[in-house]
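Below is one structure, written out as structure tokens; comments come after it.
Note that this is a predicted model, so its numbers are computed, not measured.
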Amino acid sequence: MKYNHLEIEKKWQNYWYGKKVFRTPELRELDKSKPKYYVLDMLPYPSGDGLHVGHPEGYTATDIIARFKRMRGYNVLHPMGWDAFGLPAEQFAVKKEIHPRIGVDECVIRFRSQLQSLGFAYDWDREINTTDEKYYKWTQWMFLKIFNSYFDEREQKAKPIKELKIPEDLTEDEQYEYVNSQRLAYISESPVNWCPELGTVLANEEVPEQIEKGFTVVRKPMKQWKLRITKYAERLLKGLDGLEWPENIKKLQTNWIGRSEGATVKFKIESEEFKGEKDIEVFTTRPDTLFGATYMVLAPEHPYVNIITTKENRDKVNKYTETAARKSDMERTELEKTKTGVFTGAYAINPVNNEKIPVMIADYVLMGYGTGAIMSVPGHDERDMEFALKYELPIIPVVVPENMKEEELERYYNDVKTGKVCFTDNGYSVNSGFITGLPTAKAKAKVIKWLEEKRLGKGSINYKLRDWLFSRQRYWGEPFPIIHLENGKIKALKEEDLPLTLPKVNSYKPSGTGESPLALISDWVNTIDNETGLKAKRETNTMPQWAGSCWYYLRYIDPSNDEIFCSKENDEYWMPVDQYIGGSEHAVLHLLYARFWHKVLFDLGYVSSDEPFQKLFNQGMILGEDGVKMSKSRGNVINPDDVIRDFGADSMRLFLMFMGPLEATKPWNTEGLAGMNRFLNRVWRLIIDDKTGNINPNISIAESDLKQKKLLHFTIKKITHDIEDGDMKFNTSIAQLMIFVNELYKLENISISVLENLILLLSPFAPHISEELWSLLGHQETLANEKWPQYNDELTKADKITIVFSVNGKVRGKKEMDTDLEDKELEQAALDDESVRKHIYGKNIVKIIVVKNKMVNIVVK
RNA sequence: GCCCGGGUGGCGGAACUGGUAGACGCGCAGGACUUAAAAUCCUGUUCACUGCAAGGUGAGUGUCGGUUCGAUUCCGACCCCGGGCACCA
């Protein structure tokens, strides 16, 4: 009987899923004396193309961990589900003119059966789908919680909006406005990235992907929902410290949040256009260079531009702001090589020296960052320098590098003034009044103190992070549980009215006007507010795809609870996720959004952990056989179905892990895959006689000899450590299994207990063949519930060791010797070695270095 | 430009806290079995020079330099590749 992967794999998949071997019991049925382990894959999007080889790579890794932890006696939670709202499903529906639900259901069936054909040990009873009404009811519920919360700055946490202190002496309308201005979810009219082809707005971070696909993106002012993630900037940053995440992902998030310390400084404005006092605040990270500020620049969108611009400058300013508004972010940054700007006719007064400096507008200053206005210090900022040179604005050096010699100073000043040198590092302040002579750090502190005393500014921290653009003009997403009353006010639905389900529509195409297709369904849109009897229209935007995946890991824990998204008891037992694995393409977006969402739930008391994902690992990409990214157009896509049919799921799993460390990007190789199949065949024939189907006659129940034992125990140790240490280098585990099998082939008699252990060690990697061999050896039950083999550390040590003899660092001889010999014995053995003697003959021995159990190095001259 | 990774045989990769570079697999070459092929098994496989041979000598982990008895591993400078950010003041 030959190894027949098709038959065996089908058989064991039916067994596992039929008997629900990997079902995680309800909390009350669980043996809570055991430790828990929550191992999670990133929620896949079930696309029409089916599974890609990249998917099973990460899933195999988590599956190995899940099966291993289970055998180690943990209560393991290993679930799977679907992220199915969003553009791809909707575009498929538009094209085929079917309801997106139909397409999604088909894709889910396909994905599920593909995943099952790989034998993954998921608990399918906990499967979730973000597009189920029962699921998105809770997404909407959480949105209401966010909407009905504000951020308490003092405590740095979200609180229910009911607890918000409303300033007295406000009218009813003002109170309403004030409350809305504090909510964590709010509507704002601001320029957004509008994509005419898709008929929707895109978040900044989604823009590059769509442009790559050939779509155009333009700036357009629109009313949009946003979530106040910026309030959590500091906590999102600090929280990274305690997480066991790859350093580069932490760095990526850190850069994305982009914290910078500095000061805001008020400048008085003088303009013929108005009388009285007006200030403009700027943000700077270098308050120590304030004496070198020679002009001010406002972003074209700055609200003061219209107010301060003088008559004679109005035309060119208007022209400039209009051009800037039409440009997309892309054009304003990347495509722009030289800086442009115009003079407003107004002047600002530098608070430290009362110098009158011109106020310019230029689109190299961004409205979205800081205050939308800067003080320009061309001597010590490259962008300002470039602009100053072009428009012939003065440059004043106010910082000198450390260690600059006196005789070099004159030349340095000249170089800065003429634009030859732009020194942006820290140094010492010069020409700077009361901070002259101070090093940069001290100068900064002194200026901030001075500004604060005079109430002209203050120390300040800025973040690059922007609020999360949370609405899309699409059909296929969670509807907002919000109505717009005829009196112009907005109102949230009550929790008991959830879910607010999607209505049936005739067309899923965007309305074209910038509104979602929902806007055309008047039955659905028009409603009446029960409380006030006022007519109302429903919000027709839907939530972005990220919403559902912000909390799915909580639903797995308690998937059928109708009372709450997840009970407190379940949350406390299972959270946080112990190991999270997915692609690094989600390094900032999903992982940052989910952390934010989770922190809000934490602040409001719905979850017990501050961070959801304790340990994170990013799998690398799998390239085509030609070493480039797999793509349909290149025709180098590997279909997992074909691989499983030709070589089997076990071979595929094994090869995916054997290719290299999990995080590495590596090319697929079908011949390498065949090698894995060959290895499994060798394991099979080690135990089973190909012709008769019987167990090989050289296998006996006799106790194994010491050599076998040592090999076994060494292998157990190696594999146990490999899975436990979190490095995800399963390639070396598999190599060790191969060595083990190769050695066993050399033996005349093999102990059955050694083979049983081999099968158990192999089982997390190649579970189907392992189950089959296990049962052929006479076991009635699945090995999934067996105990993981234990090793005796004494037996993992070799008793003979090859000692290397070298002369002047060059290997000249080696000898098998007992372990733990004294230095003197090793030294003598080296000196006795024939080849060593040849190389030291006639030379002086300077020194002999002995490294126990390793080597002897003789230094001669 | 800035911030992360990474450069090891023909290929994927291995090498514990500085101590035999190339584990394991693929490929390739030779051999065995076979009428033949497939499958399987055995042997070899970093490069150069040298030897009939066992072997010997030298070089070698992107480049150059340093520390050390000894460096893929530590330090410095540079080159190349991949990823991320990109006028964030």
In whole Å, measure the gap between the P atoms of B:G18 and B:A29 for me. 42 Å

Counterpart residues, side chain to side chain donor-acceptor pair (under 3.5 Å), relative to A:Asn742 (two or more places apart): A:Arg682

Would you indicate which nucleotide in B:G12, B:G19, B:A89 comes nearest to any side-chain atom of A:Met659? B:G12

Taking the six-membered ring for Trp and the full ring for Phe, Tyr or His, determine whether the centres of A:Phe658 and A:Phe730 are under 6.0 Å apart. no

From the set B:A89, B:G13, B:A15, return the single nucleotide nearest to any side-chain atom of A:Lys666. B:G13

Measure from the side-chain heavy atoms of A:Thr802 and tell me the nearest of B:C26, B:U20, B:G19. B:U20

Please tell me if A:Ser584 has a side-chain N or O lying less than 4.0 Å from either OP1 or OP2 of B:G84. no

Rounded to the Å, how far apart are A:Leu673 CG and B:G25 P? 16 Å

Which nucleotide in the set B:C87, B:C69, B:C24 lies at the smallest distance from any side-chain heavy atom of A:Val859? B:C69

Given B:C24, B:A15, B:C69, the nucleotide with the shortest approach to the side chain of A:Phe658: B:C24

From the list B:U20, B:G19, B:A89, which nucleotide is the closest neighbour of the side chain of A:Val811? B:U20

Could you check A:Met676 against A:Met855 and say which one's nearest nucleotide on RNA chain B is further toward the 5' end? A:Met855

Name the orientation class of the two ring planes belonging to A:Tyr3 and A:Trp684 (parallel below 30°, tilted from 30 to 60°, perpendicular beyond 60°). tilted

Pick base, sugar-phosphate or nothing for A:His380, based on heavy-atom distances below 4.0 Å to the nucleic acid. nothing

Quick one: is A:Arg812 getting a side-chain N or O under 4.0 Å of the B:U57 phosphate, OP1 or OP2? yes

Under a 3.5 Å limit on both distances, the Watson-Crick or wobble mate of B:C41 is B:G31

When you check the phosphate oxygens OP1 and OP2 of B:A89, does a side-chain N or O of A:Tyr364 lie under 4.0 Å from one of them? no

With both distances under 3.5 angstrom, what nucleotide forms a Watson-Crick or G-U wobble pair with B:C11? B:G25

Whether A:Lys854 contacts B:C69 is assessed here as follows: a side-chain N or O lying under 4.0 Å from the phosphate OP1 or OP2. Is that the case? no

Under 3.5 Å on both distances, the Watson-Crick or G-U partner of B:C2: B:G84

C1' atom, B:G19 versus B:U68: distance in rounded Å? 12 Å

Taking the six-membered ring for Trp, are A:Trp468 and A:Tyr593 parallel (under 30°), tilted (30 to 60°) or perpendicular (over 60°)? parallel

Return no unless some side-chain N or O of A:Arg678 is found under 4.0 Å from OP1 or OP2 of B:G27. yes

Determine the interatomic distance between P on B:C26 and the same-named atom on B:G84; round to the nearest Å. 34 Å

First encountered from the 5' end of RNA chain B, between A:Asn681 and A:Gly809: A:Asn681

Answer syn or anti for B:G76, where the cut-off is 90° from 0 on the glycosidic torsion. anti

N or O in side chain of A:His721 less than 4.0 angstrom from B:C16 OP1/OP2: no

For B:C3, take OP1 and OP2 only and decide whether either is under 4.0 Å from a side-chain N or O of A:Asn248. no

Using only side-chain N and O atoms of A:Asn742, determine if any of them is under 4.0 Å from OP1 or OP2 of B:G25. yes

Within-4.5 Å side-chain heavy-atom neighbours: A:Met817 and A:Leu826: yes

Of B:U40, B:G27, B:G84, the nucleotide closest to the side chain of A:Arg685 is B:U40

Considering every strand and a 4.0 Å limit on heavy-atom distances, what is the contact class for A:Gly370: base, sugar-phosphate, or nothing? nothing

Can you tell which of B:C26, B:A23, B:G19 lies closest to the side chain of A:Glu671? B:C26

Determine the interatomic distance between C1' on B:U73 and the same-named atom on B:U61; round to the nearest Å. 10 Å

Under the side chain to side chain donor-acceptor pair (under 3.5 Å) rule, what pairs show up with a residue in residues 718-731 of chain A, not counting sequence neighbours? A:Arg72-A:Glu724, A:Lys718-A:Asp722, A:Lys718-A:Thr732, A:Thr720-A:Trp788, A:His721-A:Tyr791, A:Asp722-A:Thr732, A:Asp722-A:Ser733

Phosphate OP1/OP2 of B:U20: any A:Lys814 side-chain N/O under 4.0 Å: no

Closest nucleotide among B:A15, B:G12, B:A89 to the A:Phe283 side chain: B:A89

Please state whether the phosphate of B:U40, meaning OP1 or OP2, lies under 4.0 angstrom from any side-chain nitrogen or oxygen of A:Arg682. no

Electrostatic pair A:Arg259:A:Glu234 at N-O distance under 4.0 angstrom: yes

Candidate nucleotides B:A23, B:C69, B:G19, ranked by approach to the side chain of A:Lys847 - the nearest: B:C69

Determine which nucleotide pairs with B:G58, using a 3.5 Å limit on both distances of a Watson-Crick or G-U wobble pair. B:C47

